[in-house]
Protein chains: 2
Amino acid sequence: MTVTGSRGRRERLRAETTAEIKKVALDLMASGGPDAITLRAIAREMGMTANAIYGYFATRDDLVTTLINDVYTALADAVDAAWEAAPATDPAVRIEAWANAFRTWALVNPQGFRLIYGDPVPGYQAPEGGPAPDAARRVCTGLTALAAAAWPHAQRLYQGSTFDWSDFDPGLLDKVRPAFPDLPPAAVALALRLWGHLHGLVSLEVYGHLRTQTASPEKLFQEELAQLTQTLGIPRGR
Amino acid sequence: MTVTGSRGRRERLRAETTAEIKKVALDLMASGGPDAITLRAIAREMGMTANAIYGYFATRDDLVTTLINDVYTALADAVDAAWEAAPATDPAVRIEAWANAFRTWALVNPQGFRLIYGDPVPGYQAPEGGPAPDAARRVCTGLTALAAAAWPHAQRLYQGSTFDWSDFDPGLLDKVRPAFPDLPPAAVALALRLWGHLHGLVSLEVYGHLRTQTASPEKLFQEELAQLTQTLGIPRGR
DNA sequence: ACCGAAACTTCACGGCGTATAGTTTCTGCA
DNA sequence: TGCAGAAACTATACGCCGTGAAGTTTCGGT
C-alpha cells in the first residue's frame, strides 16, 4: 500500500503487457514474416481487442519501430559478442568470427533480417534518422573495429584515395574517432565497404536469390572471407 | 470484318488493356513504392472495377510476378547494354561499365529494385523457382561474363578452392557453360561473389542504410570498383 | 466510500484481395 | 440479318487490415 508499491504495481503490469505485445509480435514475425505483424493478430493472440494496443503504442508504426530497435540490438549484441570472444591477437580470426556471426544470425532470424534491412511491413514509414540509429551505429562501429584491425595491413590499398572526414556522418564519427583515434577517413570507407560485401551475400541468401543459383552459399561465403583477409593482407595464425 | 481482323481487334484491345494495367501499376509503384500496387488503386486509375482486372490476371500475385519479370528484364537489358557498349578490349572498363549501370539503374528505379530484390508487396508469394528466373539468369550470366573477363588474371586467387560443378544450379550452368566453355567452377563462384559485392553496397544505398553513415556513397562505390579490378589483377588501360 | 485516471471494449469508416453472381457488349456463324 | 455464346465488366459480399470516437470497466489514492 505504499505509494511506491502501488505505482510500482501499475507500472509493472504495464511493462509486462508491453513486453508481451512485443513478444507476440516477434513470434508472429518469426512464423509469418514481417507482414504478419498486425495489431489485430497480436490482440487476437493476447485475448484483447486491437484498439487496446493503442494504450501502449501510439500507432502500428511506433510498435514496428520499437521492434526494429529490439531486433537490431539483438543483432548488434550477437556480432559484438562474437568479436569479443575471438582472440584479439588474431585479426583474421576475429574478422571471420564477426562475419560468420552476422551471417549466422541472419540465417537463424531471416524475418528479423528482413525487418531491419528490407521493407519491414506494408506501408511502414521509418521515423526521422532511421528506426534504430543506435543499433545501426553499433554495427557500424563494430565494422570499423574490423577495419581498424585490418588497417595496418590494408592501408597500402588506399594510397591514392581521397576520402575526407566530411564524407561521413558526424554522429558516426563521434562514436568511431574516440574509439580509434589513429584511424584515417579511408578506414571508415573500408568499414562501409566490408559491410557491403557481407550484406550483399547475406541478403542475397536470405532473400533466396542465391538458392536459385548455387547449392552452397556457405562455401561461397567462406571463400569470400578467405579472399577478404588475404586481399587485406592480414596474416593468418597467431 | 475478316475473321483475322475481328479476332485481331479483340486481341489488340486485350493486349492494350493488359499493357495499361501494367503501366498504371508501374506508375503507382514508382510514386508510392511496391506497396502502392493494389488492384483497387489500379482500377480506380483506369476507371474500372477492381474485379475487372481478374479478366487479365488470375490473382494479384500473378500481376506482381509479371511486373517483376518486366522490371527485372529492364534491369538485365540495362546492364547488358552497358557491357556491350564498353570496349571488349578493356576488361576493367567493361566491368566498371556493368557495375555502374547496375547501380545507376537501381538509383533511378529504387522501387523497381525493391520489387525485384526485396519483399515486393504485402503478402506476395513468389512462384516456384522465383518470379523471374530468365531475367535472373541473364543477370547471372552477365556477371559470369565479368568473371570470365577477369578470370585469366584472377584465377591465381582460386588455387586452393574446392568448387565443383555440382555446387551450382544446372539451369544456370546450361546457359553459362556453352557461353564460356573454358571456365572452371570457381569462376562461377567468383561471379556470384561479385554479385554480392555490388548488390550489398547498392542495396544498402537504395534502402537508405548508407545515407545515415556517409554523404558519398558514390565515392564508396567507385573505390569498391577500383579495388575490385586491382584485386582481381586486371590491367587498366588498353 | 468515492473520484479520477488508466485499461479496455464497442462501433464505425475506408482500404485491401477475391469469390460469386449478374449484366452488358461484342463476335462469329446460320 | 438475327441470334447464341463468349468475353468484358459491374455489383455485392466476406473477412482482413489500421485507426478514430465514444462508452464501459477496473482500480489505486485520498
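These numbers come from a predicted model, not from an experiment. Residue numbers start from 1 in every chain, and the chains themselves are labelled A, B, ... in the order their sequence lines are given, proteins ahead of strands.
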For the pair Y117(B) and F113(B), name the ring-plane relationship: parallel under 30°, tilted 30 to 60°, perpendicular over 60°.
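Rings of Y117(B) and F113(B): tilted, 30 to 60°.
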Rounded to whole Å, how long is the line connecting atom [atom1] of [X] with atom [atom2] of [N]?
{"X": "I42(B)", "N": "dG15(C)", "atom1": "CD1", "atom2": "P", "answer": "16 Å"}
{"X": "L13(A)", "N": "dC27(D)", "atom1": "CG", "atom2": "P", "answer": "9 Å"}
{"X": "I37(A)", "N": "dT19(D)", "atom1": "CD1", "atom2": "P", "answer": "14 Å"}
{"X": "Q125(A)", "N": "dT19(D)", "atom1": "CD", "atom2": "P", "answer": "12 Å"}
{"X": "F57(A)", "N": "dG18(D)", "atom1": "CZ", "atom2": "C1'", "answer": "16 Å"}
{"X": "L39(B)", "N": "dC9(D)", "atom1": "CG", "atom2": "C1'", "answer": "15 Å"}
{"X": "Y54(A)", "N": "dG23(D)", "atom1": "OH", "atom2": "C1'", "answer": "18 Å"}

Carboxylate-amine/guanidinium contact [X] [Y], below 4.0 Å:
{"X": "E16(A)", "Y": "R12(A)", "value": "yes"}
{"X": "D27(A)", "Y": "K23(A)", "value": "yes"}
{"X": "R211(B)", "Y": "D169(A)", "value": "no"}

Check whether any side-chain heavy atom of E96(B) sits under 4.5 Å from a side-chain heavy atom of Q222(B), and report yes or no.
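Counting from C-beta outward, E96(B) and Q222(B) never come under 4.5 Å.
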Charged tip of R177(A) within 45° of W165(A) ring normal and under 6.0 Å:
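The answer is yes, since R177(A) meets both limits relative to W165(A).
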Which of the following nucleotides, dC16(C), dT18(C), dG18(D), is nearest to the side chain of T59(B)?
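From the listed options, dT18(C) comes nearest.
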Under 3.5 Å, is there a donor-acceptor pair linking the side chains of D61(B) and T59(B)?
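The answer is no; no qualifying pair exists.
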Between I21(B) and I53(B), what is the shortest heavy-atom contact and its length?
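Answer, listing the atom of I21(B) first, then I53(B): CD1-CG2, 4.2 Å.
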Do nucleotides 3-10 of chain C as a string where each nucleotide becomes B, S or -: B if the base has a protein heavy atom under 4.0 Å, S if just the sugar-phosphate does, - if no protein is that close.
---SSSBB
Check side chain to side chain contact (heavy atoms under 4.5 Å, CB included) between I68(B) and all other residues, then give those that pass, not counting sequence neighbours.
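I68(B): side chain to side chain contact (heavy atoms under 4.5 Å, CB included) contacts with V64(B), L115(B), P120(B), Y124(B), P131(B), A132(B).
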When you measure from every atom of DNA chain D, which of residues 19-35 of chain B have a heavy atom less than 4.0 Å away?
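The answer is none.
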Base, sugar-phosphate alone, or nothing: which one does R60(B) contact when heavy atoms must sit under 4.0 Å apart?
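Sugar-phosphate contact only - R60(B) comes under 4.0 Å of backbone atoms but never of a base.
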For dC17(D), does OP1 or OP2 lie under 4.0 Å from any side-chain N or O of R40(B)?
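Answer no for this pair, as no side-chain N or O of R40(B) is under 4.0 Å from OP1 or OP2.
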